[in-house]
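The model shown is predicted, which means the values in this text are computed figures rather than measured ones.
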Amino acid sequence: MVSKRKVLGVGGLVAVGLAMTGAQGHRQADPYASLPSSLQLSAVVRDFKGSNLTGGHLDFERTPSAGYGQYAQMVNDSLDADGKPVFKTAGRRVSTTWKDVNNRPTIDTRSYITAKTGDRVGAMATGTGGASQSATTFAQWYRDIPGTNASKLITLNLVRTANTNTYTFNDQTDSYYTGRGGFFPIDGELLGNSSGSKNFSFTTEIDTNFEFQRGTGQLFTFTGDDDVWVFIDGKLVVDLGGVHSAASQSIELDRLAWLTSGNTYRLKIFHAERHTTQSNFRIDTTLQLRTIEQPAVNGLYD
């Protein structure tokens, strides 16, 4: 009788070997089992009416004068005294994305972010393109303004990928948001839906902190639309302004030379959903982020 091993031949033996390796892999302990399986972050969502509605905000449902797309340099490199982003320009449209040595999209060159050989330089327009109206209107995005917006708290659940130290929130896989067809946290709430069953025209603000450990490969990546700005220790490290489809940027924290191992630093995320028809929101990070405090919200104003 011919053995099954001989009948399988070379390809079959490889398959058996892979299956055995896989089985053994399942028996191996998760090297990150001591880490929590998930992290919960509080976020403030502020609802606005679009500019296409009576009394709507000029920056929402707005078409940039230079067209839809990713814009850089809409905000200053540092937060203001209130810990909020500051309007810099109406934005410069990005034509070629900056990428790091690992081919990850990154923020355009900053003096406080260490460059590496192999990083690729992108390009943007020299003129501004009207991605936001003015410093006055922009200052309302992340502040409670009675009569202009309404806010509420939500919780985002970041889940650790098995056998890794990477935590992810992804509206495409999160059980709550998959049923909503994207990142729509306030459908039917606050100022009401702006398009059918969906409530667009809102901002999201997250205030969190983490412990920095140099040399451990700590990484933060955001993917989403529309505008997204991320600040670490008050410095801009992700710059995804503009009305655009889902786009990504990453920051290697070892490139932030002023950070000291063992110290705790704040990370702030400022997001805006300003235009129909999609809403995407994804975080991937090896940081163990922690909500600092539950911020106040204004509820619904008449």
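Under the side chain to side chain contact (heavy atoms under 4.5 Å, CB included) rule, Ser151 has a single partner from Asp144, Val45, Leu190, which is Asp144. In summary, of the residues considered (Arg46, Lys152, Lys198), a salt bridge (charged side-chain N to carboxylate O under 4.0 Å, His left out) with Glu189 occurs for Lys152 alone. When Phe48, Phe202, Phe200 are each tested for a ring pair (Phe, Tyr, Trp, His ring centres under 6.0 Å) with His57, only one passes: Phe48. Ser250 pairs in a side chain to side chain donor-acceptor pair (under 3.5 Å) with only one of the listed residues (Thr285, Thr223, Asp284, Thr221), which is Thr221.
Residues Gly242 and His244 share a closest heavy-atom pair of O-CD2, 3.1 Å. Taking both residues in full, the closest heavy atoms of Pro105 and Ser248 are given as CB-O, 3.2 Å, listed atom of the first, atom of the second, then distance. Between Gln70 and Ala247, the shortest heavy-atom contact is OE1-CB, 4.3 Å. Looking at every heavy atom in both residues, Leu41 comes nearest to Thr208 through CD2-OG1, 3.7 Å. For the pair Ser201 and Ser194, the tightest heavy-atom approach, listed with the atom from each and the gap, is N-OG, 4.5 Å. The heavy-atom pair separating Ile206 from Leu156 by the smallest distance is CD1-CD1, 3.7 Å.
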| task | I would like to know whether Tyr32 and Thr164 meet side-chain hydrogen bond (donor to acceptor under 3.5 Å, both in side chains); could you show each step before the answer? | result | CA-CA 6 Å; Tyr32 299 98; Thr164 77; over 6 Å; no
| message | Apply side chain to side chain contact (heavy atoms under 4.5 Å, CB included) to residues Ile269 and Phe222 and explain how you reach the verdict. | response | CA-CA 9 Å; Ile269 303 169; Phe222 192 96; 4.2 Å; yes
| field | Chi angles and distances behind the ring pair (Phe, Tyr, Trp, His ring centres under 6.0 Å) call for Trp229, Phe87 | value | CA-CA 12 Å; Trp229 299 285; Phe87 177 89; over 10 Å; no
| field | Test ring pair (Phe, Tyr, Trp, His ring centres under 6.0 Å) applied to Phe281 and Tyr177, step by step | value | CA-CA 10 Å; Phe281 193 106; Tyr177 288 99; 8.5 Å; no
| field | Stepwise ring pair (Phe, Tyr, Trp, His ring centres under 6.0 Å) check, Phe60 with His275 | value | CA-CA 7 Å; Phe60 293 84; His275 202 281; over 10 Å; no
| request: Kindly determine whether Asp187 and Arg180 satisfy side chain to side chain contact (heavy atoms under 4.5 Å, CB included), including the steps that lead there. | output: CA-CA 9 Å; Asp187 285 351; Arg180 294 195 161 208; 3.8 Å; yes
| task | Test Gln172 against Arg282 for side-chain hydrogen bond (donor to acceptor under 3.5 Å, both in side chains), laying out the working first. | result | CA-CA 8 Å; Gln172 300 300 305; Arg282 175 171 178 163; over 6 Å; no
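Two residues are said to be in side-chain contact when any heavy atoms from C-beta on lie closer than 4.5 Å; Tyr265 and Leu259 meet this criterion. Within the 4.5 Å cutoff, no side-chain heavy atoms of Asn157 are placed close to those of Tyr167. Side-chain contact check for His271 versus Glu205: every heavy-atom pair is 4.5 Å or farther apart. Considering only heavy atoms from C-beta on, Thr173 stays 4.5 Å or farther from Thr168 through its side chain. Within the 4.5 Å cutoff, the side chain of Phe231 has heavy atoms near those of the Val75 side chain. Counting heavy atoms from C-beta outward, Lys235 and Trp258 have side chains that approach closer than 4.5 Å. Counting only heavy atoms from C-beta outward, the side chains of Phe212 and Leu253 approach each other to under 4.5 Å. Counting heavy atoms from C-beta on, the side chains of Gln140 and Asp59 never come closer than 4.5 Å.
No path of Ile, Leu, Val, Met, Phe, Trp and Tyr side chains, each step under 4.5 Å between heavy atoms, connects Met124 with Val228, placing them in separate hydrophobic clusters. Ile154 and Phe270 end up in the same hydrophobic cluster when Ile, Leu, Val, Met, Phe, Trp and Tyr side chains are linked at under 4.5 Å. Leu267 and Val237 fall within the same hydrophobic cluster, defined by Ile, Leu, Val, Met, Phe, Trp and Tyr side-chain heavy atoms under 4.5 Å apart, directly or through other members. Linking ILVMFWY side-chain heavy atoms closer than 4.5 Å, directly or via other members, places Leu35 and Leu287 in a single hydrophobic cluster. A chain of hydrophobic side-chain contacts below 4.5 Å, direct or via other Ile, Leu, Val, Met, Phe, Trp or Tyr residues, connects Phe138 to Leu236.
Within the 3.5 Å criterion, the main-chain N or O of Arg214 finds no donor-acceptor partner in the side chain of Asp254. Using a distance-only test at 3.5 Å, with no hydrogens or angles considered, no donor-acceptor pair links the side chain of Asn76 to the main chain of Ser78. Asp174 places a side-chain N or O within donor-acceptor distance of the main-chain N or O of Tyr176, the cut-off being under 3.5 Å. In this structure, the side chain of Thr106 does not engage the main chain of Gln249 through any donor-acceptor pair within 3.5 Å. Between the side chain of Arg110 and the backbone N or O of Asp108 there is at least one donor-acceptor pair closer than 3.5 Å. Here the side chain of Ser134 pairs a donor or acceptor atom with the backbone of Thr137 at under 3.5 angstrom. A donor-acceptor contact shorter than 3.5 Å links the side chain of Thr89 to the backbone of Gly91. Counting only distance, with no hydrogens or angles, the side chain of Lys268 and the backbone of Ile232 share no donor-acceptor pair below 3.5 Å. A donor-acceptor pair under 3.5 Å links the side-chain atoms of Ser95 to the main chain of Ala123, judged by distance alone. Side chain of Asp239 to main chain of Ile107: no donor-acceptor pair is present (N/O by atom type, distance under 3.5 Å, no hydrogens or angles).
Judged as a side-chain hydrogen bond (donor to acceptor under 3.5 Å, both in side chains), and not counting sequence neighbours, Asp171 has no contacts. For Glu252, the salt bridge (Lys or Arg N to Asp or Glu O under 4.0 Å) criterion is met by Arg104, Lys116, Arg255, not counting sequence neighbours. For Arg93, there are no salt bridge (Lys or Arg N to Asp or Glu O under 4.0 Å) partners, not counting sequence neighbours. For Arg266, the salt bridge (Lys or Arg N to Asp or Glu O under 4.0 Å) criterion is met by Asp207, not counting sequence neighbours. Shown here are the salt bridge (Lys or Arg N to Asp or Glu O under 4.0 Å) partners of Asp47, two or more places apart in sequence or in another chain: there are none.
Here salt bridge (charged side-chain N to carboxylate O under 4.0 Å, His left out) pairs that include residues 222-231, with residues two or more places apart or in two chains, are Asp227-Arg274.
Contact check on Glu61 versus Lys49 returns no salt bridge, with no Lys/Arg side-chain nitrogen under 4.0 Å from an Asp/Glu carboxylate oxygen.
Atom CD of Gln218 sits about 12.0 Å away from atom CD1 of Ile251, to the nearest 0.5 Å. Here the CG atom belonging to Asn209 is positioned 8.5 Å from the CG atom belonging to Leu289, to the nearest 0.5 angstrom.
Side-chain atoms of Tyr142 and Thr203 form no donor-acceptor pair, as typed in the model, at a separation below 3.5 Å.
Taking a 6.0 Å sphere around CD of Gln278, one finds it holds 12 or fewer heavy atoms contributed by other residues, nucleotides or ligands. By the neighbour-count criterion of 12 heavy atoms within 6.0 Å, atom NZ of Lys88 is densely surrounded, having more than that number from other residues, nucleotides or ligands.
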